[in-house]
Amino acid sequence: MEPSFSKNIGSRNPSAQSNLSALETRIRFVFKDKDLLQQALTHKSYANENPDQNQSDNERLEFLGDAVLGFVISQSLFIENRSLSEGDLSKCRAGAVREAALCEIARGMDLGDYLFLGVGEERGGGRGKPSLLGDALEALIAAIYLDGGIRAAKRFVLREFPYLGIVKLSEGSAENFFDLQDYKTELQELCQQRFCALPEYHTINESGPGHQKRFEVEVRILGDLYGASTGKSKKEAQQQSAKAALAKLSEEGC
């Protein structure tokens with residue numbers, strides 16, 4: 001008989017089960033089938049090093065999650081951006097599912113903290129690897145879909161992928177969509193080159209009810225304020241703050 005979810009979790013980490021409950025709270029979805037959540041968070045390195053637990057890794061879920069994510073994003077872009085051509089829609093979808101975007105979203109929910117990794121992967125910094133985080137996020141989307149249906153998966157994707165909402169503000173321009181995605185990366189690279197330091201983002205205010213929250217975020221470089229903005233998510237506000245910081249640095253001749 002296959003070990004129960006609680007036994008599997010307990011053998012990995014005594015506090016893991018409560019941690020997964022915290023993740024369910026974070027993603028606003030409680031699984032009926034806890035095994036799906038367990039599988040979505042299990043990297044193949046852990047499954048290979050613990051064959052006695054008969055635990056499947058998340059690679060098959062990743063495959064399904066990629067398809068579910070693509071469908072939800074395609075549908076949202078198609079309905080909300082009627083002026084975009086087929087080519088622009090394809091570009092927007094590709095930008096939303098690229099590894100960098102998936103990694104940023106996964107890090108925003110601290111998904112790496114909940115993963116079950118093998119010893120070698122853990123020592124190698126697996127919790128912070130972009131490819132591993134992106135794969136786990138897609139696996140999580142698949143698990144939500146299988147447990148709660150397409151409506152639950154769609155709610156999760158539309159809530160966690162803020163760039164889909166930003167596209168609506170671009171007046172039909174797919175280029176604005178991509179520019180916005182790259183502000184944080186561009187600012188980070190510029191700061192490393194010019195200041196040998198990284199920009200620091202601070203959430204200075206949260207307002208509104210849970211389903212309509214607004215976040216105000218500022219970005220500082222070496223302690224100095226360079227930009228501040230608001231958004232419906234911390235990630236969106238950070239992107240806008242980074243944009244403002246880049247403009248200020250440009251004015252200063254950087």
Side-chain angles (χ1 to χ4, degrees), residues 1-69 72 99 101-162 203 210-211 213 233-235:
M1 181 176 179
E2 185 175 352
S4 69
F5 174 77
S6 60
K7 289 181 180 178
N8 280 341
I9 292 296
S11 64
R12 304 170 188 195
N13 184 336
S15 63
Q17 189 169 12
S18 61
N19 286 343
L20 295 189
S21 295
L23 177 60
E24 288 179 314
T25 300
R26 167 62 182 81
I27 66 177
R28 306 182 200 177
F29 184 82
V30 177
F31 282 83
K32 297 184 291 290
D33 183 356
K34 303 297 185 184
D35 288 340
L36 280 172
L37 177 57
Q38 175 185 358
Q39 183 179 352
L41 300 171
T42 300
H43 187 256
K44 62 181 179 181
S45 62
Y46 183 90
N48 291 338
E49 291 180 17
N50 297 273
D52 58 306
Q53 292 190 14
N54 195 27
Q55 173 58 50
S56 299
D57 62 52
N58 62 7
E59 289 189 344
R60 282 174 54 83
L61 285 178
E62 176 208 339
F63 167 79
L64 178 60
D66 177 69
V68 174
L69 176 61
V72 172
E99 182 178 286
L102 295 177
C103 178
E104 182 179 346
I105 291 167
R107 283 175 174 162
M109 64 177 66
D110 298 320
L111 191 59
D113 293 346
Y114 301 97
L115 299 180
F116 297 113
L117 307 176
V119 174
E121 193 66 50
E122 180 79 55
R123 290 175 178 172
R127 295 188 187 280
K129 289 183 179 178
S131 60
L132 192 151
L133 289 171
D135 292 347
L137 178 58
E138 288 182 330
L140 180 61
I141 291 170
I144 293 173
Y145 165 71
L146 291 173
D147 196 74
I150 191 62
R151 289 186 178 181
K154 185 175 181 178
R155 282 195 299 270
F156 174 78
V157 170
L158 296 183
R159 184 175 62 246
E160 298 295 339
F161 283 68
T203 302
H211 63 291
K213 270 191 173 297
S233 71
K234 292 181 181 179
K235 292 183 286 289

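None of these values were measured; they are calculated from a predicted model.
Screening residues 116-126 for salt bridge (charged side-chain N to carboxylate O under 4.0 Å, His left out), with sequence neighbours left out, gives E121-K129, E122-R127.
Formation of a donor-acceptor pair under 3.5 Å by the R107 side chain with backbone atoms of P130 is not found in this model.
The side chain to side chain donor-acceptor pair (under 3.5 Å) check on R26 picks up E160, with sequence neighbours excluded. Taking E24 as the reference, K34 meet the side chain to side chain donor-acceptor pair (under 3.5 Å) condition, with sequence neighbours excluded. K154 is linked by a side chain to side chain donor-acceptor pair (under 3.5 Å) to Q75, counting only residues two or more places apart in sequence or in another chain. Every residue two or more places apart in sequence or in another chain that forms a ring pair (Phe, Tyr, Trp, His ring centres under 6.0 Å) with F29 is listed here: F31.
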Listing, residues 58-65 side-chain donor-acceptor contacts under 3.5 Å, not counting sequence neighbours, or none:
residue: N58; atom: ND2; partner: A40; partner atom: O; Å: 3.1

Per-pair distances, 0.1 Å, donor-acceptor, side chain in residues 137-153, under 3.5 Å, sequence neighbours excluded:
residue: D147; atom: OD1; partner: K32; partner atom: N; Å: 3.4
residue: D147; atom: OD1; partner: D33; partner atom: N; Å: 2.9
residue: D147; atom: OD2; partner: K32; partner atom: N; Å: 2.9

Ignoring hydrogens and angles, write down the donor-acceptor pairs under 3.5 Å from the side chains of residues 111-118, residues two or more places apart or on other chains.
none

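How far OG of S131 is from CG of L102: 11.0 Å, rounded to the nearest 0.5 Å. Rounded to the nearest 0.5 Å, atoms CG (N19) and CG (D110) are 11.5 Å apart. A distance of 4.0 Å separates CZ in F161 from CD1 in I105, rounded to the nearest 0.5 Å.
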